[in-house]
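The structure displayed is predicted, hence computed values, not measured ones. Labels below follow one simple rule: chain letters A, B, ... track the order of the sequence lines, proteins then strands, and each chain is numbered from 1.
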Number of protein chains: 2
Amino acid sequence: MDQVKLFNEYLNQQGLKNTSQRMVILEAFLASDSHLSTEELYLQLRADHPKIGYATVHRTLKLFAECGIAAERNFGDGQTRFEPVHGEEHHDHLICTKCGLIIEFEEPQIEKLQESVAAAHHFTIKNHRLELYGLCAACAADGQ
Amino acid sequence: MDQVKLFNEYLNQQGLKNTSQRMVILEAFLASDSHLSTEELYLQLRADHPKIGYATVHRTLKLFAECGIAAERNFGDGQTRFEPVHGEEHHDHLICTKCGLIIEFEEPQIEKLQESVAAAHHFTIKNHRLELYGLCAACAADGQ
DNA sequence: AAGAAATTGAAAACGATTTTCAGAAACTAG
DNA sequence: CTAGTTTCTGAAAATCGTTTTCAATTTCTT
């Protein structure tokens, strides 16, 4: 896992310490389905590591976001979600409002158009979010 | 104001009552700059209507959203914002992360591409959000 | 192995939002 | 137009997710 190395480097760089909790949380985070909330990861971890507290999970996820191995997302359900960042590629999301399914996609043409919109308004884009909400194939088929 | 009529119809339809507070809040909401949070609208109203409580403002904004004359927005600053919905046209936002400036834009080509992405994943889009975060011209010019 | 510094977990604090509740106002119906 | 029913209001309290506090513990020097 390259992410583990990255995280350890970040810890050193910042004068932070490498603790067993942080390693456990990092591994669980990388291994898990993405788009986890603090709550979800905390509950998942509790099975094997009942001693790890909610605050530690939360602080560690924030650390991941800080050092760039996680991205914070907010899909409007009132919870902040975190997903592992693997490479450089940006992606956006399709979200099923019925079953909660989240699909990631990339569409370079949309990114290009965003740049031209920004340019027209003399804006410099630092980042963006694009989320498409609706029904996935299964839910659309299923009554409604 | 057509919005006023719409709102009154909605109230009747739902067996809700038309109160003076609701009318005052609706007028202030429609007249104001858009993208107001509950807090902001509440403070603004307090000047002329010191008796109107925060809870009432909040409940009324939710009502607006319910009946379609307002849209809820969340730009990641931890506050829910509401903007008047005037017609059918959808728009997206450019947000300056330095000064908070919000610019609205429309880009039909992006919408089209979204549809094709959704189709590729057998998704039915109900709505979407696209937000471009960065620096406006003034803030970009201004040091950083 | 000892000391300085950072981390942990539990609980408390926080900020935004939502709910509660008793009194007030709005809409029936008579 | 008045009584009765229902909804609404405002203040305060409750809630929810998130963040901070603090004493005890652990990590990482040296």
Item to check | Any B/V4 side-chain heavy atom under 4.5 Å of B/L30 side chain | outcome: yes

Checklist entry - Does A/T19 or B/N12 map to a spot on DNA chain C nearer the 5' end, using the closest nucleotide for each? => result A/T19

Next on the checklist: Using whole Å, what does the distance between atom P of nucleotide D/dG17 and atom CG of A/L43 come to?
Outcome noted: 11 Å

Checklist entry - With a 4.0 Å cut-off on heavy atoms, is A/Q21 in touch with a base, just the backbone sugar-phosphate, or nothing at all? => result sugar-phosphate

Checklist entry - Between atom CZ in A/F82 and atom P in D/dT18, what is the gap in whole Å? => result 7 Å

Checklist outcome for this item: side chain to side chain contact (heavy atoms under 4.5 Å, CB included) test vs A/H90 passes for just one of A/E111, A/R129, A/E106, namely A/E111

Checklist entry - Counting side-chain heavy atoms from CB outward, which of D/dT18, D/dC28, D/dT9 is closest to A/K17? => result D/dC28

Checklist entry - First and last nucleotide of DNA chain C in contact with chain A, 5' to 3', at under 4.0 Å to a heavy atom: what are they? => result C/dA5 to C/dA10

Checklist outcome for this item: Between CD of B/Q79 and C1' of D/dG17 the distance, given in whole Å, is 15 Å

Item to check | A/R22 vs D/dT27: side-chain N/O to OP1/OP2 distance below 4.0 Å | outcome: no

Checklist entry - With a 4.0 Å cut-off on heavy atoms, is B/R59 in touch with a base, just the backbone sugar-phosphate, or nothing at all? => result base

Checklist entry - Between A/N8 (CG) and D/dT27 (P), how many Å, whole number? => result 14 Å

Checklist entry - In terms of side-chain heavy atoms, does A/E83 have a donor or acceptor partner in A/H35 at a distance below 3.5 Å? => result yes

Only pairs under 3.5 Å count here: list side-chain donor-acceptor contacts from residues 38-54 of chain B, not counting sequence neighbours, and write none if there are none.
residue, atom, partner, partner atom, Å
B/E40, OE1, B/S37, N, 3.0
B/E40, OE1, B/R81, NH1, 3.1
B/E40, OE2, B/R81, NH1, 3.4

Checklist entry - Out of D/dC28, D/dT27, D/dT19, which has the shortest distance to the side chain of A/N18? => result D/dC28

Next on the checklist: Pick the closest DNA chain C nucleotide for B/T80 and for A/K51 by heavy atoms, then say which residue is nearer the 5' end.
Outcome noted: A/K51

Checklist entry - Roughly how many Å is it from CE in B/M23 to C1' in D/dT9, rounded to a whole number? => result 15 Å

Checklist entry - When the distance from CG of A/L16 to C1' of D/dT26 is rounded to whole Å, what number comes out? => result 14 Å

Item to check | For B/R59, salt bridge (Lys or Arg N to Asp or Glu O under 4.0 Å) partners two or more places apart | outcome: none

Next on the checklist: Measuring centre to centre across the rings, with the benzene-like ring taken for any Trp, is A/F64 within less than 6.0 Å of A/F82?
Outcome noted: no

Checklist entry - Please give, in whole Å, the distance from D/dT20 P to A/Y54 OH? => result 13 Å

Checklist entry - Are any of the side-chain heavy atoms of A/Q14 and A/E66 separated by less than 4.5 Å? => result no

Checklist entry - Any idea which of D/dT20, D/dA11, D/dT19 is nearest the B/A55 side chain? => result D/dA11

Item to check | Side-chain N or O of B/T56 closer than 4.0 Å to phosphate OP1/OP2 of D/dG10 | outcome: yes

Next on the checklist: If I take atom NE2 in residue B/H58 and atom P in nucleotide D/dT9, what distance separates them, rounded to the nearest angstrom?
Outcome noted: 14 Å

